[in-house]
S.K.: 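Structure provided below as structure tokens; questions to follow.
Reckoned from all heavy atoms, side chains included, excluding hydrogens, waters and symmetry mates.
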Amino acid sequence: VQLQASGGGLVQAGGSLRLSCTTSGRTVNSGGPMAWFRQAPGKEREFVAVIDTWTKNTKYADSVKGRFTISRDNAKNTVYLEMNSLKPEDTAVYSCATRNGRIITSAQNRAGSYDYWGQGTLVTVSS
């Protein structure tokens, strides 16, 4: 399984970006959940959002709830992270992740639950 993240860039506060995570070796409508994590300079990796491939349920970190939306396009085998009302504190390297099998909802926000990671894409939000 390989994941390719893209779409990062430099944006002013209040702006928007859409990140993409294209998968190969699996489809986005089966298997384990697809998630986005981020890591800011000098900080630990943190959960951003996840979509359950079976239930289609989504979950978000409190810090992005209402501003970010995770979705998938089965035909393109791609998961998206639509980011609106961006803040300087959203600056980080964003990575997508997945695993082979299903996992309980309460574990979907843990980085250790995931087996496969994309290379990350840098999002910089200027004030």
Side-chain angles (χ1 to χ4, degrees):
V1 177
Q2 292 187 325
L3 307 175
Q4 180 72 39
S6 61
L10 174 63
V11 63
Q12 288 189 331
S16 299
L17 280 175
R18 187 178 75 163
L19 305 183
S20 300
C21 177
T22 302
T23 70
S24 59
R26 62 156 288 177
T27 60
V28 296
N29 59 350
S30 65
M34 299 288 299
W36 286 95
F37 288 79
R38 67 186 183 186
Q39 187 166 20
K43 295 188 177 181
E44 293 187 353
R45 180 184 290 168
E46 66 172 354
F47 167 77
V48 176
V50 63
I51 184 166
D52 188 300
T53 48
W54 294 91
T55 66
K56 302 180 185 177
N57 289 340
T58 58
K59 186 167 66 174
Y60 299 90
D62 288 342
S63 58
V64 307
K65 203 171 294 182
R67 300 188 297 122
F68 291 11
T69 303
I70 188 170
S71 63
R72 70 184 190 196
D73 184 327
N74 294 340
K76 295 183 178 180
N77 230 20
T78 299
V79 171
Y80 300 101
L81 185 68
E82 186 75 37
M83 305 185 296
N84 298 314
S85 302
L86 282 162
K87 306 175 181 179
E89 51 263 43
D90 293 318
T91 295
V93 174
Y94 285 71
S95 300
C96 54
T98 191
R99 52 177 284 123
N100 287 325
R102 300 184 70 181
I103 193 170
I104 58 175
T105 302
S106 60
Q108 290 178 348
N109 62 348
R110 302 173 193 167
S113 297
Y114 295 88
D115 306 311
Y116 305 100
W117 292 82
Q119 85 288 358
T121 184
L122 176 62
V123 172
T124 304
V125 184
S126 63
S127 56

S.K.: Cluster question for you: counting only ILVMFWY and a side-chain heavy-atom cut-off of under 4.5 Å, with indirect links fine, are L3 and V50 together?
M.R.: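 Cluster IDs for L3 and V50 differ.
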S.K.: In terms of relative ring orientation, are F47 and F37 parallel, tilted or perpendicular, with 30° and 60° separating the classes?
M.R.: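 Perpendicular.
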S.K.: Rounded to the nearest 0.5 Å, what separates atom OG1 in T121 from atom CD in Q4?
M.R.: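 So the gap between those two atoms works out to 9.0 Å.
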S.K.: Where do Y114 and W117 come nearest, in terms of heavy atoms and distance?
M.R.: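 Looking at all heavy atoms of both residues, the shortest contact is O-NE1, 3.6 Å.
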S.K.: Work out which heavy atom in Q39 is nearest to a heavy atom in K43; give both atom names and the distance.
M.R.: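 Closest approach of Q39 to K43: NE2-O, 3.0 Å.
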S.K.: Rounded to the nearest 0.5 Å, how far does CE of M83 lie from CZ of R18?
M.R.: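 If I round to the nearest 0.5 Å, the distance is 11.5 Å.
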S.K.: How about N74 and T27: do any of their side-chain heavy atoms sit closer than 4.5 Å?
M.R.: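 N74 does not reach T27 side chain to side chain.
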S.K.: Measuring from atom CG of N77 to atom CE of M34, what distance do you get when rounded to the nearest 0.5 angstrom?
M.R.: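 Going from CG on N77 over to CE on M34, the span is 8.0 Å.
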S.K.: What heavy-atom pair brings Y60 and I70 nearest, and what distance separates the two atoms?
M.R.: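 Nearest pair, atom of Y60 first, then I70: OH-N, 2.9 Å.
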S.K.: Going from CG on L81 to OH on Y94, what distance comes out if it is rounded to the nearest 0.5 angstrom?
M.R.: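 It comes to 7.5 Å.
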S.K.: Show me the donor-acceptor pairs within less than 3.5 Å that the side chains of residues 98-106 make with the rest of the protein, sequence neighbours left out.
M.R.:
| from | atom 1 | to | atom 2 | distance (Å) |
| --- | --- | --- | --- | --- |
| T98 | OG1 | R26 | NH1 | 2.3 |
| T98 | OG1 | P33 | O | 2.9 |
| R99 | NE | G101 | O | 2.8 |
| R99 | NH1 | S113 | O | 2.6 |
| N100 | OD1 | Y116 | OH | 3.4 |
| N100 | ND2 | Y116 | OH | 3.2 |

S.K.: Under the side-chain hydrogen bond (donor to acceptor under 3.5 Å, both in side chains) rule, collect the residues that match up with T78, sequence neighbours excluded.
M.R.: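 side-chain hydrogen bond (donor to acceptor under 3.5 Å, both in side chains) list for T78, sorted by chain: T22.
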S.K.: Under 3.5 Å, is there a donor on one side chain and an acceptor on the other for N84 and S16?
M.R.: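 Yes.
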S.K.: Counting heavy atoms not belonging to K56, are there more than 12 under 6.0 Å from its NZ?
M.R.: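 Count not over threshold, so no.
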S.K.: Can you give me the closest heavy-atom contact between T91 and A40, atom names plus distance?
M.R.: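 Minimum heavy-atom contact is O-CB, 3.5 Å.
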S.K.: Of the non-hydrogen atoms in W36 and S20, which two are nearest, and what is the gap between them?
M.R.: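 Taking W36 first and S20 second, the nearest heavy atoms are CH2-O, 3.6 Å.
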S.K.: If Ile, Leu, Val, Met, Phe, Trp and Tyr residues are connected whenever their side-chain heavy atoms lie under 4.5 Å apart, and connections chain through other members, are L19 and L10 in the same group?
M.R.: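 Looking at the clustering, L10 is in a separate group from L19.
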S.K.: Drop me the distance from S127's OG to K87's NZ, to the nearest 0.5 angstrom.
M.R.: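 NZ of K87 is found 14.0 Å from OG of S127.
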S.K.: Begin with the C-alpha distance, continue with both residues' side-chain angles, and end with the deciding distance and a verdict on side chain to side chain contact (heavy atoms under 4.5 Å, CB included) for D90 and R67.
M.R.: CA-CA 11 Å; D90 293 318; R67 300 188 297 122; 2.7 Å; yes
S.K.: State plainly whether one hydrophobic cluster holds both V125 and V64, where clusters connect Ile, Leu, Val, Met, Phe, Trp and Tyr through side-chain heavy atoms under 4.5 angstrom apart.
M.R.: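 Yes; tracing contacts between hydrophobic side chains, which count when under 4.5 Å, links both residues.
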S.K.: Measure the shortest side-chain to side-chain distance between Y80 and T69 over non-hydrogen atoms and say whether it is less than 4.5 angstrom.
M.R.: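 No, too far: nothing below the 4.5 Å cut-off.
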S.K.: Do you know which two heavy atoms are closest between S95 and G120, and how far apart they sit?
M.R.: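 For S95 and G120, the tightest heavy-atom pair comes out as OG-CA, 3.5 Å.
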S.K.: Report, as yes or no, whether the 6.0 Å neighbourhood of atom CD on E89 holds more than 12 heavy atoms from other residues, nucleotides or ligands.
M.R.: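 More than 12 heavy atoms, drawn from other residues, nucleotides or ligands, come within 6.0 Å of this atom.
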S.K.: Could you measure the distance from the CG atom of L86 to the CD atom of Q12? Nearest 0.5 Å is fine.
M.R.: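 Between atom CG of L86 and atom CD of Q12 there are 11.5 Å.
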S.K.: Would you confirm whether W54, through its side chain, and G31, through its main-chain N or O, come within 3.5 Å as a donor-acceptor pair?
M.R.: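 At least one qualifying donor-acceptor pair exists.
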